[in-house]
Amino acid sequence: MANIKSSKKRALLAAQKNVLNTQMRSAMRNQIKKCNTAIEASDENKETVLNHTISVIDKMAQKGIIHPKTASRKISRLQSRFNG
C-alpha cells in the first residue's frame with residue numbers, strides 16, 4: 001500500500017470500481033445466456049429479450065466496461081443467431 005494519502009485513495013477507488021465492473025460484466029453475461037436460451041427454445045418473447053440484451057451490451061460499452069468493438073461483435077452474433 002502506498003504512503004501518500006492520494007495514492008491510498010486511488011487504490012481504494014480502483015478496488016471499488018473493479019468490484020462494480022466485475023458485477024456489471026457478470027450481469028451482462030447472464031443476460032446473454034438468457035437471450036441464448038430464449039432463442040434456442042424459440043420463446044414467444046425472444047424479441048423483447050434480444051432487445052433488452054442489446055441495450056445492456058450497449059450500456060456496458062458506453063460506460064467503458066467492454067470495448068465498443070467487442071459490444072458490436074456480441075450484438076452481431078446474437079442477431080445472427082436470432083435471425084437464422
Side-chain angles (χ1 to χ4, degrees):
M1 190 84 182
N3 293 327
I4 300 169
K5 185 178 178 182
S6 62
S7 297
K8 290 178 184 178
K9 184 176 179 180
R10 280 283 120 212
L12 288 174
L13 289 177
Q16 290 172 354
K17 213 164 198 179
N18 185 9
V19 169
L20 285 175
N21 289 345
T22 304
Q23 289 173 351
M24 286 194 262
R25 205 175 300 119
S26 176
M28 180 191 65
R29 288 189 191 121
N30 288 336
Q31 185 63 36
I32 291 172
K33 288 176 189 174
K34 284 180 190 176
C35 185
N36 283 333
T37 55
I39 290 171
E40 288 173 4
S42 58
D43 203 1
E44 54 203 35
N45 62 349
K46 66 181 179 179
E47 190 168 355
T48 30
V49 174
L50 176 70
N51 289 338
H52 186 275
T53 305
I54 290 172
S55 173
V56 167
I57 293 171
D58 279 337
K59 286 177 188 173
M60 295 301 118
Q62 286 174 352
K63 291 180 181 181
I65 295 172
I66 61 173
H67 195 274
K69 289 188 178 183
T70 303
S72 178
R73 183 179 66 245
K74 288 182 182 297
I75 291 170
S76 175
R77 288 180 181 171
L78 279 174
Q79 286 177 333
S80 65
R81 200 171 289 136
F82 179 80
N83 292 329

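Because the structure is a prediction, the values reported are computed rather than measured.
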Pairing residues for Arg73 by the side chain to side chain contact (heavy atoms under 4.5 Å, CB included) criterion, not counting sequence neighbours: Thr70, Arg77

Quick test of your reading: applying side-chain hydrogen bond (donor to acceptor under 3.5 Å, both in side chains), list the pairs with at least one residue in residues 36-48, sequence neighbours left out, ordered by first then second residue. Asn36-Arg81

Roughly how far, to the nearest 0.5 Å, is the CD1 atom of Ile39 from the CG atom of Asn83? 9.0 Å

Residue pairs, two or more places apart or on separate chains, that pass side-chain hydrogen bond (donor to acceptor under 3.5 Å, both in side chains) and touch residues 56-68: none

Rounded at 0.5 Å granularity, tell me how far CG in Asn18 sits from CD in Gln23. 10.0 Å

What closest approach, in Å, do Cys35 and Val49 show between heavy atoms, and which atom pair accounts for it? CA-CG1, 3.6 Å

Heavy-atom check, side chain of Gln79 versus side chain of Ile75, under 4.5 Å: yes

How many angstroms lie between atom CD1 of Ile4 and atom NZ of Lys9, to the nearest 0.5 angstrom? 14.5 Å

Is it the case that the side chain of Ser55 and the backbone of Asn51 share a donor-acceptor pair, with hydrogens and angles ignored and the cut-off at 3.5 Å? no

Using distance only, find each side-chain donor-acceptor pair of residues 24-33 under 3.5 Å and give its atom names and separation, not counting sequence neighbours.
{"unit_1": "Asn30", "atom_1": "ND2", "unit_2": "Ser26", "atom_2": "O", "d": "3.4"}
{"unit_1": "Gln31", "atom_1": "NE2", "unit_2": "His52", "atom_2": "ND1", "d": "3.4"}
{"unit_1": "Gln31", "atom_1": "NE2", "unit_2": "Thr53", "atom_2": "OG1", "d": "3.2"}

To check you understand the geometry: which heavy-atom pair defines the closest contact between Pro68 and Ala61, and what is its length? CA-CB, 4.2 Å

